[in-house]
Peer 1: 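One structure, pasted below without further comment.
Only a predicted model underlies this, so the values are computations on that prediction, with no experimental measurement involved.
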Number of protein chains: 4
Amino acid sequence: MHTIGRPRRGRGRRPADEVRREVIEAAGELLFEEGMAGFTFDKVASRSGASKMTLYKWWPSKGALALDGYFKRVEPVLAFPDTGDIGADLRAQLHAFVHVISDSPAGPAIAELIGQAQTDPELKAAYLRRYSSPRRALAAEAMERAKQRGQLRVDLDPETVIDQLWGACYHRLLLPDQPLTEGFVDALVTNLFDGIGP
Amino acid sequence: MHTIGRPRRGRGRRPADEVRREVIEAAGELLFEEGMAGFTFDKVASRSGASKMTLYKWWPSKGALALDGYFKRVEPVLAFPDTGDIGADLRAQLHAFVHVISDSPAGPAIAELIGQAQTDPELKAAYLRRYSSPRRALAAEAMERAKQRGQLRVDLDPETVIDQLWGACYHRLLLPDQPLTEGFVDALVTNLFDGIGP
Amino acid sequence: MHTIGRPRRGRGRRPADEVRREVIEAAGELLFEEGMAGFTFDKVASRSGASKMTLYKWWPSKGALALDGYFKRVEPVLAFPDTGDIGADLRAQLHAFVHVISDSPAGPAIAELIGQAQTDPELKAAYLRRYSSPRRALAAEAMERAKQRGQLRVDLDPETVIDQLWGACYHRLLLPDQPLTEGFVDALVTNLFDGIGP
Amino acid sequence: MHTIGRPRRGRGRRPADEVRREVIEAAGELLFEEGMAGFTFDKVASRSGASKMTLYKWWPSKGALALDGYFKRVEPVLAFPDTGDIGADLRAQLHAFVHVISDSPAGPAIAELIGQAQTDPELKAAYLRRYSSPRRALAAEAMERAKQRGQLRVDLDPETVIDQLWGACYHRLLLPDQPLTEGFVDALVTNLFDGIGP
DNA sequence: CTCTAAACGAGACGGTACGTCGAGTCTTCTA
DNA sequence: TAGAAGACTCGACGTACCGTCTCGTTTAGAG
């Protein structure tokens with residue numbers, strides 16, 4: 001059944017890039033509309049006008065497809081502020097991060113993607129490689145620069161700090177015992193810079 | 001289909017408690033054997049000898065059932081050490097925690113439960129109420145006592161610290177960019193007590 | 001998608017007989033509307049409101065299902081005339097047979113069923129057992145009675161005659177080199193009773 | 001995917017005759033190996049090294065292609081014996097025919113082709129024109145000659161006799177209620193020459 | 001002998017049906 | 001009368017084949 005007005009597209013081969021683009025757009029729409037619960041190969045195929053065979057050829061799991069759809073919508077902003085003050089930079093980046101996952105549909109989407117990744121090895125690998133890892137690298141580099149500027153302990157492991165800042169936020173996103181607010185992220189930074197001792 | 005050897009149990013009524021117990025045991029077995037991916041109502045019903053109808057009567061979703069099965073296997077140890085030294089207590093508790101989720105089948109199981117909870121509201125609510133929340137409370141109370149002993153800042157928010165310690169560990173469990181080791185948890189505590197500044 | 005007006009039927013169990021009846025009726029409709037070419041499990045399931053699982057449980061192949069549908073529509077008339085004159089009886093029966101397969105939708109349907117049976121062992125077996133064999137038996141019995149009345153050679157094999165009468169008609173149905181007319185069946189009988197020699 | 005050892009043939013244009021020959025050979029092989037059930041354009045294309053596009057250009061349906069493959073293997077022997085004794089000639093020809101369709105792979109193949117023809121108009125037309133019709137013509141001509149020799153009734157319709165001999169055999173091939181033996185074909189001829197009356 | 005147009009191989013593509021599986025609902029029968 | 005048994009609908013799964021179409025290559029035939 002073709003939508004009226006859309007020109008009847010022949011059944012034969014179409015340029016791969018065109019097909020991929022349409023599929024990914026449809027995947028993004030569906031992910032943000034229905035979440036991972038209602039995200040199926042069938043629906044993406046039907047929305048995009050592609051056949052299921054094509055989807056299975058390019059994406060190893062529905063999670064991997066949803067991840068591509070997610071990126072299409074949330075064009076990743078990887079910029080990391082560098083004002084020379086690492087404390088301020090971390091705070092600024094965390095504020096932006098919390099804003100995105102709290103006040104936009106991206107929050108639930110990313111939570112469900114991480115959830116799906118727990119039973120979808122392909123998705124977990126893709127998520128780490130394409131999303132998580134580059135972001136960690138940016139933060140780690142910023143902290144390394146700060147170490148050279150004398151703003152951080154020279155023996156500090158930036159990766160650990162990343163888990164204590166962004167990891168703490170993800171924890172509240174996935175297991176919302178406590179709210180995820182700006183005050184929370186400010187406290188995260190303060191705890192680390194000032195310590196929690198008396 | 002009944003396993004050969006298991007006595008053919010009649011179809012009639014059985015005591016509710018007996019049924020519940022057998023179902024939960026079967027759920028726990030299945031969860032640890034096949035993970036959430038292969039965890040279905042059908043299999044639990046078939047293993048336990050109970051009917052699906054009974055399962056749907058008592059558990060609102062397969063996640064909620066799996067959670068009960070999880071508890072049956074991992075009899076929750078809620079004790080929190082109290083030696084009078086909050087730093088040592090946190091460190092000890094984190095070491096035990098990391099040991100459980102790294103070196104026992106409970107780690108993958110809990111990761112998959114949290115994953116499933118992202119698309120299963122019933123499970124998320126049950127998880128927070130029965131698992132997450134009481135553990136947070138124990139840690140928070142320990143920190144409150146430490147504040148009264150003068151070991152922690154009086155204006156410290158224990159909830160935030162919890163996310164920076166256990167939340168950081170969950171982050172590495174769910175998104176294993178970096179390994180989850182004892183050295184890592186030691187660094188978590190050190191960072192918070194000594195600060196990350198120069 | 002349910003037809004508007006048809007009461008939304010719950011998803012649960014329904015009496016097997018009710019389901020079977022609806023399925024077979026739908027199968028018959030579909031067979032006579034679209035022929036075997038367009039006859040699929042999917043369409044029968046959708047028309048009947050039954051699920052494909054149910055169909056696969058009861059019918060080993062789509063041919064077997066179509067055969068049941070065929071019987072539902074063409075309530076088999078197994079009566080064989082017995083006037084005491086075997087020549088007249090055969091002629092009458094053949095006239096009726098040719099009328100059915102030439103001038104009703106049953107002709108194409110039965111041709112396609114036989115066609116499908118060539119690559120569907122389940123259908124072939126069912127067809128022989130339920131359709132072909134009982135009809136042959138009636139004709140054979142009629143000829144045996146005629147032998148006792150002295151109207152046929154005592155050493156005649158009725159089964160061979162059946163293939164020379166009805167088999168000849170099926171041949172023209174399946175491979176229509178020549179038309180299938182009343183004159184043809186009259187000639188069939190004449191040839192056998194009078195011989196073809198000079 | 002090319003079989004190792006077979007020289008990698010370039011992709012460009014090849015002589016049409018060479019392509020046709022290879023396709024038809026592959027079709028014949030496939031038909032006799034897997035029957036119509038497993039006979040697909042895809043497999044013929046892959047076996048022959050031709051592209052599906054080419055197949056669709058020359059054959060209107062898979063049945064038509066299979067028919068060409070059949071002919072390639074069973075080089076049609078159209079000779080009809082002419083000893084001057086029509087009874088003996090018919091008997092001889094029928095014996096040979098029964099031998100072919102009973103004791104060689106051609107029997108199932110031809111049955112499946114006739115089966116497929118019931119839902120494939122192109123195949124039915126081709127079958128009648130190229131296979132059925134010329135063979136009927138030979139038999140009819142032999143009988144016409146016999147009429148002139150005074151061995152058959154002058155008003156006999158040979159076409160009807162053909163259906164009572166070969167048609168009866170096809171009936172037993174397609175719907176094997178009863179076995180297809182030499183005794184059967186002898187009885188067919190006897191019934192027609194001697195009549196079935198007392 | 002060169003150049004072009006046709007024909008070909010490869011194979012992706014949309015579409016439809018296949019046969020299976022699990023979720024959730026409902027009936028029947030037993031103890 | 002609660003519970004076991006299990007059949008049922010629904011919808012998605014992943015695969016196979018059909019008939020169409022794009023792309024790049026090669027040869028046949030025209031100039």
Side-chain angles (χ1 to χ4, degrees), chain A residues 1-2 8-16 18-20 23 38-46 48-58 61-62, chain B residues 1-2 8-16 18-19 38-43 45-46 48-57 60-62, chain C residues 1-2 8-16 18-19 38-46 48-58 61-62, chain D residues 1-2 8-16 18-19 38-43 45-46 48-57 60-62:
Chain A
M1 202 68 62
H2 282 77
R8 175 68 173 82
R9 187 166 51 218
R11 299 173 67 185
R13 183 177 189 172
R14 285 189 300 142
E18 178 187 336
V19 174
R20 273 192 71 92
V23 168
F39 189 93
T40 65
F41 275 87
D42 272 343
K43 285 182 189 162
V44 175
S46 136
S48 66
S51 102
K52 280 198 293 175
M53 272 252 86
T54 306
L55 306 195
Y56 282 109
K57 185 168 293 171
W58 284 340
S61 71
K62 73 174 188 171
Chain B
M1 204 67 60
H2 282 77
R8 175 70 171 82
R9 185 165 53 223
R11 297 175 69 182
R13 178 177 188 177
R14 286 189 302 142
E18 176 188 337
V19 174
F39 189 94
T40 66
F41 275 86
D42 274 339
K43 286 180 188 164
S46 138
S48 67
S51 107
K52 281 203 293 177
M53 177 126 261
T54 308
L55 305 195
Y56 279 106
K57 184 170 295 174
S61 71
K62 74 173 187 171
Chain C
M1 201 68 61
H2 281 76
R8 175 68 172 80
R9 184 165 53 219
R11 299 172 67 184
R13 181 176 189 172
R14 287 188 298 143
E18 177 188 336
V19 174
F39 189 93
T40 66
F41 275 87
D42 272 342
K43 285 181 189 163
V44 175
S46 140
S48 67
S51 103
K52 281 198 293 176
M53 273 253 83
T54 306
L55 306 195
Y56 282 108
K57 184 168 295 174
W58 284 340
S61 71
K62 74 173 186 171
Chain D
M1 204 65 62
H2 282 77
R8 175 69 172 83
R9 186 168 49 225
R11 300 174 66 187
R13 180 176 185 175
R14 286 189 300 143
E18 177 188 337
V19 174
F39 189 93
T40 68
F41 274 86
D42 274 340
K43 286 180 187 164
S46 141
S48 67
S51 111
K52 281 201 295 174
M53 179 126 261
T54 307
L55 306 195
Y56 280 107
K57 184 169 295 173
S61 72
K62 75 172 187 173

Peer 1: For the pair made of CE in Met53(C) and P in dA7(F), what is the distance, rounded to whole Å?
Peer 2: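 In whole Å, dA7(F) P lies 11 Å from Met53(C) CE.
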Peer 1: In whole angstrom, what separates Lys43(D)'s NZ from dG19(F)'s C1'?
Peer 2: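 My rounded result for the distance is 17 Å.
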Peer 1: So, taking the atom named OH in Tyr56(B) and the one named OG in Ser61(B), what distance separates them when rounded to the nearest 0.5 Å?
Peer 2: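 The OH atom of Tyr56(B) sits 10.0 Å away from the OG atom of Ser61(B).
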Peer 1: Please tell me if Thr54(C) has a side-chain N or O lying less than 4.0 Å from either OP1 or OP2 of dT9(F).
Peer 2: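 Indeed, a polar side-chain atom of Thr54(C) lies that close.
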Peer 1: Rounded to the nearest angstrom, tell me the gap between atom CZ in Phe41(C) and atom P in dT9(F).
Peer 2: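 Taking CZ of Phe41(C) and P of dT9(F), I get 14 Å after rounding.
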Peer 1: Quick one: on DNA chain F, does Ser51(A) or Ser51(C) contact a more 5' nucleotide (nearest heavy atom)?
Peer 2: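 Nearest nucleotide further toward 5': that of Ser51(C).
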Peer 1: With nearest nucleotide decided by heavy atoms, which residue, Lys57(A) or Gly38(C), maps closer to the 5′ end of DNA chain E?
Peer 2: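 The answer here is Lys57(A).
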Peer 1: Using heavy atoms to find the nearest nucleotide of DNA chain E for Val19(D) and Ser61(B) separately, return the residue whose nucleotide is more 5′.
Peer 2: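 Here Val19(D) is the residue nearer the 5' end.
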Peer 1: If I take atom CD in residue Glu18(A) and atom P in nucleotide dC23(F), what distance separates them, rounded to the nearest angstrom?
Peer 2: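 Value for this atom pair: 10 Å.
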Peer 1: Can you tell me the distance, in whole Å, between the NZ atom of Lys62(B) and the P atom of dC21(E)?
Peer 2: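 Between P of dC21(E) and NZ of Lys62(B): 16 Å.
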Peer 1: To the nearest Å, give me how far apart OH (Tyr56(D)) and C1' (dA10(E)) are.
Peer 2: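 In whole Å, dA10(E) C1' and Tyr56(D) OH are 15 Å from each other.
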Peer 1: What's the CG-P distance between Asp42(A) and dT15(F), to the nearest Å?
Peer 2: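 The distance from CG of Asp42(A) to P of dT15(F) comes to 13 Å, rounded to the nearest Å.
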Peer 1: Which nucleotide in the list dC13(E), dC18(F), dA12(F) gets nearest to the side chain of Trp58(A)?
Peer 2: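 That would be dC13(E).
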Peer 1: Tell me the interatomic distance from Lys52(C), atom NZ, to dG11(F), atom C1', rounded to whole angstroms.
Peer 2: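 Spelled out: NZ on Lys52(C) to C1' on dG11(F) is 10 Å.
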Peer 1: Say you draw a straight line from NZ of Lys57(C) to OG of Ser51(C); how long is it, rounded to the nearest 0.5 Å?
Peer 2: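 One finds 8.0 Å between NZ of Lys57(C) and OG of Ser51(C).
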Peer 1: Please report the closest heavy-atom contact between Lys52(A) and Phe41(A), naming both atoms and the distance.
Peer 2: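 Shortest heavy-atom contact: CG-O, 4.5 Å.
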Peer 1: Are the side chains of Val23(A) and Trp58(A) in contact, using a 4.5 Å heavy-atom criterion?
Peer 2: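 Side-chain contact under 4.5 Å: no.
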